[in-house]
Amino acid sequence: MKPASGLRLAVVGKGGVGKSFIAGTLARLLAADGRKVVVLDSDPVAGAAVSMGMGVVTDSMLADAAFESPNGWRLHPGMGAATIIKSRSAVGPDGVRLLQSGKADVGGMSGTWPSIRAFGQVTRRLASDGVLGDWDVIGDLPAGPRHAAFNWAPYADTYLVVTTAGSMSLVTARRMIRLARQRGAEVLVVASRVESHSDTSAVAGWLDLPVFMSIPTDDAVREAEAGGLAPFDVAMDGPALQQVRALADRLVPSRKVNS
Amino acid sequence: MKIAVAGKGGSGKTTIAGTLARLMAQSGRHVVALDADTNPMLGVSVGLGAEETDILLSAREGLDSGETEHQPTLEGLVAEFGTEAPDGVQVVVVNRIDNIDPG
């Protein structure tokens, strides 16, 4: 298998730390560079779409893409991961793509099962087939360790572990780091909603790891999220976006040279 | 009374649940704080501290290891899996995921 030249990221952490903000903003930045980018959102609570500037997207996609065979769930013939991502994802600004599954509705999760199984097949194909190797794949995972434990991001070679300096968030981050390492993935710690330098130091100290990027609190981001808008579209000049750009520069070193 | 606290991640479920538990215990009620999250953090908000919360044995782990039996009653659950927190709140962790591909 040819190693992917695009990013293969899973964004993980406790609820409310800013996973969707970081995943969605990163995706928009890379798409604006002209890169091919898809965000895979498997959270039952819709999130990434808003951060990408696509409004609230509540569809559970791919409900008809898979079927249950005697040997388990399979994608229909002709439905490879590349085909599905190119033809079934929602298209956002600058051509950024969003594929999401299993959005909980008033009926609960039961009706979302085919969507979840098809989505799972797509993530596995992405991991094993070397497909879309030149695309950036960014997984916005549900909060907490459960989905990483069940391997909902098998394509990811790098886990962005997002945490605030709060103790619940840090305990979660420590669990996520253990899980990522069991997978053999690289761990990059992102300190989020940082109020001061001591927050960043607290994160590094607690996790005993360097902080790869520190993203400050930013009123403009909070206002964007309250209004259902993408921080990328309305908070571009703020301190948080500046640091997400720095994160993109570190993840894609050629980016800084080109811009 | 039996209360379930639900909502989006980061909205404050655990903080509200843990603080309610402490307040009710202070007013003399018997309180069981049941943490059903696979990322259990209720110990932090009832005052056990981050380090102790991180190592609380879950009922699921105890059962999987074969060291304990299923407890069909609340009293049994608390006796077998409860951890005493300040004001006498009993914290019980149901499930915790620490390993990949758990059975």
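Only heavy atoms go into these numbers, but all of them, side chains included; no hydrogens, no water, no symmetry mates. Sequence lines set the chain letters: A, B, ... in the order given, protein chains first and strands last, and positions in each chain run from 1.
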For residues 219-226 of chain A, run the donor-acceptor check on the side chains, cut-off 3.5 Å, and write out each pair with its distance to 0.1 Å, sequence neighbours left out.
residue : atom : partner : partner atom : Å
A/D219  : OD1  : A/R222  : NH2          : 2.8

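In this structure the side chain of B/T53 never reaches within 4.5 angstrom of the side chain of A/M168, judged on heavy atoms. Within the 4.5 Å cutoff, side-chain heavy atoms of B/D54 are placed close to those of A/R175.
Here B/N39 contributes atom CG and A/M176 contributes atom CE; the two are 8.5 Å apart, rounded to the nearest 0.5 Å.
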